[in-house]
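Worksheet for the structure shown next.
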Protein chains: 4
Amino acid sequence: MTSPPAPPQSRRWRRRAEARPEEILEAALAEFIKNGFEAARMEDIAKRAGLSKAGVYLYFESKEVLLKALIRAKITPLAEQAAVMAAAGAANPLFALRAIADMAVRLLRDPSRLAVPRLVIGLSARFPDIAEHYRTHAAEIALGALIGLIETAMAKGQLRAIDPRAAARAFIGPMFFEAMWTHVLGGESGLGDPEKLVESHFDILLNGLEVRA
Amino acid sequence: MTSPPAPPQSRRWRRRAEARPEEILEAALAEFIKNGFEAARMEDIAKRAGLSKAGVYLYFESKEVLLKALIRAKITPLAEQAAVMAAAGAANPLFALRAIADMAVRLLRDPSRLAVPRLVIGLSARFPDIAEHYRTHAAEIALGALIGLIETAMAKGQLRAIDPRAAARAFIGPMFFEAMWTHVLGGESGLGDPEKLVESHFDILLNGLEVRA
Amino acid sequence: MTSPPAPPQSRRWRRRAEARPEEILEAALAEFIKNGFEAARMEDIAKRAGLSKAGVYLYFESKEVLLKALIRAKITPLAEQAAVMAAAGAANPLFALRAIADMAVRLLRDPSRLAVPRLVIGLSARFPDIAEHYRTHAAEIALGALIGLIETAMAKGQLRAIDPRAAARAFIGPMFFEAMWTHVLGGESGLGDPEKLVESHFDILLNGLEVRA
Amino acid sequence: MTSPPAPPQSRRWRRRAEARPEEILEAALAEFIKNGFEAARMEDIAKRAGLSKAGVYLYFESKEVLLKALIRAKITPLAEQAAVMAAAGAANPLFALRAIADMAVRLLRDPSRLAVPRLVIGLSARFPDIAEHYRTHAAEIALGALIGLIETAMAKGQLRAIDPRAAARAFIGPMFFEAMWTHVLGGESGLGDPEKLVESHFDILLNGLEVRA
DNA sequence: CATGAATGAGTCTTCATTCAT
DNA sequence: TATGAATGAAGACTCATTCAT
């Protein structure tokens, strides 16, 4: 009678363990969004992630660490995306800008995309380091890529040669405002479907409001 | 010449009691901003307002009620200001818009002006009713006034006849974004002093980014 | 120049002031019954008595003092009644007993009559002195009067000569139990109207349960 | 003969956890009796049960829930006892009644037996649902059993055929009164030892007070 | 006599975090 | 790795009581 071979059933756990941090992060994001950082309970995060309260502490040593890890984890893709975006758009920057706006408007329909920025805004007073980290590792990189794109367009003579930061602001601002209005305040934009939104945004952005001769 | 009747200077307490709600509200705002709603301690609010913990409950029955009262109190002036603004600007709307932008940019330098909106953003997920109240009683009124101004300008032929809501968004968006960038993320705008900011904002807003013939 | 005579309008207050203690006592009883001693709030007592919270302290120096005054105030009439009862019944004790039972059963219909005893029961653990005071100044006096009546009846040969305390217990017990059952536990006695109650009570009390030859 | 498998003596915690609810209930009863529901402090209950304040909340979600669980827990044995009693006494109900009285009188010597009923009486005004629960799940069941016994005795011709509820009341009332008198009011019964008590109680109950021909 | 305002002391309850298993 | 059990520390809220007017 031979002893049975090592049971392979431990594999499942190994797999699970590897996926755990991400599961927890996801759960934490959901809870932080729903209730805010302070009001979110570790127990709920744990439950949502499918493990026990104590289990979360095996991966993240405290609630604050969990929060920071979360922000960090959500930042990387953004920065990468920004770099890709900038590189891809070098050939035809004006077209790239429109594509970006298109994408942005579509993304902003999805409340979960806005979740991290909203969280950061809410936490910025109490955790300035989180805000700064978000700025330097995400916001400034994305903005930098955008500015680069605009500068390229200016160099190509496709846009007027003015302060590119002001231009970038004019590009992002209205969309950001729209997103906040809709998702934070729960208001109706009254601007119709995404296509129209981008359309009128670009119309104003490129042509201005003033009556042309 | 008879001596005047006993002066009512004995009213120390009475005076205090009347001023109390506002004092508490002010203290609460400060604490909520510093620590967020959850982390703010009633005791600290009380201390800042110069009375005991229990004293606060004489005027506001709970922390949440205090928060809501605070938001409400901060909203009224905004709405009034918006109405005044709209009325005053009817004669020369374009000029009025620039004046508004001027004022707005200057206001946004002062972090305390942004405090309530930031608070609302941070709380919107957990207290949707607060967000809605803020929208209907402050944001929509101000936005409405702005839109009215823009419509007047369009009617007068000073601006192109396009969707006024899109125009309003293009007007506010960049300034809002700038404010968030500076005060929430702690970034440098890199756009220089207020005058220049308004200048470039209006340049783009009116003339657009595109190269004119 | 003579000073004006003391204004007589203070009369109303004087009147009020004299009635105040009793009003407060009444209000306190009501609140104590509704919520128990601990859960009763001085403010509610004050409101019910028609004055301010601080006003109560003009008459009773603390909540506990108020409680004790209340018990004391409710005790006196009981003891007096008992004495009267005993004296009046000496001539025909058996008849008096029935009259007493009649009255008792009728009183027990009124929950407010039972209020003080119930209060005392509830408080006896924490305020043994109150319980003792109630016993010595009310319960024992009433019971003593009853025993006296029973002894008289025995002396007259109307009742068997047995331990009068046991007889008194047999007289009161069932009615007391009935009252508790109805008012404390909220149960139906299932014994019909007061007359029947007294009837069957006396039937058993006098004749016993056993089948007679 | 192989050595027995590793004994599960390591279960210290597990054992503890299983026993905890009962320990807490016991502690709560003690504190509730000593101080009443309101004045009892959760911390004291916890300390008495041998855990921390927060620990109690692991088992009972609030003080009120704890109270209700306590009442419920103390009720079950009573109801069971009543059923047993009734069944056992069917053969010779009169004898059973005397046995019951004997037991009851002895039980009533022990103040802790009376604790729950006293608690219920004290709480009945503020928690009518507790009173009702006690009545339906304990008092009425016990009373029902007693009435059943009495009816059997009547059917057998051992007792007069009268309203059995009135008879039951005459049976319980004096003992209940005696218990309250002794334990609540702290009075002396003056009726001597338990045997005599039962003796005189039954004498009166069966034969009545009236002089027989 | 009367009270509005104020507070100190206290209690319930929650929750991030730890630990024995 | 995983968790059920446990807790220390903290905070919201209450209320009997005081006091200046």
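None of these values were measured; they are calculated from a predicted model. Convention: sequence-line order gives letters A, B, ...; per-chain numbering from 1.
Heavy-atom distances to DNA chain E give each of A/Ala54 and A/Glu43 a nearest nucleotide, and the one nearer the 5′ end belongs to A/Glu43. Nearest-nucleotide positions on DNA chain F for B/Ala39 and D/Leu58 put D/Leu58 closer to the 5' end.
Checked by distance alone, D/Lys53 brings a side-chain donor or acceptor within 3.5 Å of a matching partner on the base of E/dT13.
Atom CZ in A/Phe60 sits about 13 Å away from atom P in F/dT1, given to the nearest Å. Atom CE in D/Met42 sits roughly 16 Å away from atom P in F/dG8 (whole-Å rounding). Here the P atom of nucleotide E/dT13 and the NZ atom of D/Lys63 are 8 Å apart, to the nearest Å. Put simply, CZ on D/Arg41 is 15 Å from P on E/dA9, counting in whole angstrom units. Separating the CZ atom of C/Phe37 from the P atom of F/dC15 is a distance of 14 Å, rounded to the nearest angstrom. Atom CG in C/Leu67 sits about 14 Å away from atom C1' in F/dA16, given to the nearest Å. B/Leu51 has its CG atom 14 Å from the C1' atom of E/dG4, to the nearest Å. Atom pair B/Lys47:NZ and E/dA6:C1' shows a separation of 16 Å (rounding to whole Å applied).
Within the shown strands, F/dA9 is the pairing partner of E/dT14 under the Watson-Crick or G-U definition, both distances less than 3.5 Å. Pair assignment for E/dT7: F/dA16, on the basis of Watson-Crick or G-U wobble contacts that are both within less than 3.5 Å.
Residue B/Ala40 is classed as a sugar-phosphate contact, given heavy-atom separations below 4.0 Å to backbone atoms only.
Taking only side-chain atoms of C/Tyr57, from C-beta outward, the nucleotide of F/dT18, E/dA6, E/dC12 with the closest atom is F/dT18. Residue A/Tyr59 places its side chain closer to F/dT1 than to any other of E/dA2, E/dA6, F/dT1. Listed candidates were F/dA16, E/dC12, E/dA6. Nearest to the side chain of B/Arg20 is E/dA6. Checking F/dA12, F/dT17, F/dA2 against the side-chain heavy atoms of C/Ser62 singles out F/dT17 as nearest.
Shown are C/Arg48, C/Lys63, C/Lys47, C/Arg41; of these, the salt bridge (charged side-chain N to carboxylate O under 4.0 Å, His left out) with C/Glu31 is made only by C/Arg48.
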Evaluation steps, side chain to side chain contact (heavy atoms under 4.5 Å, CB included), between A/Glu23 and A/Leu51: CA-CA 10 Å; A/Glu23 290 171 12; A/Leu51 39 48; over 6 Å; no
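Rounding to the nearest 0.5 Å places CD of D/Glu22 at 11.0 Å from CD1 of D/Ile24.
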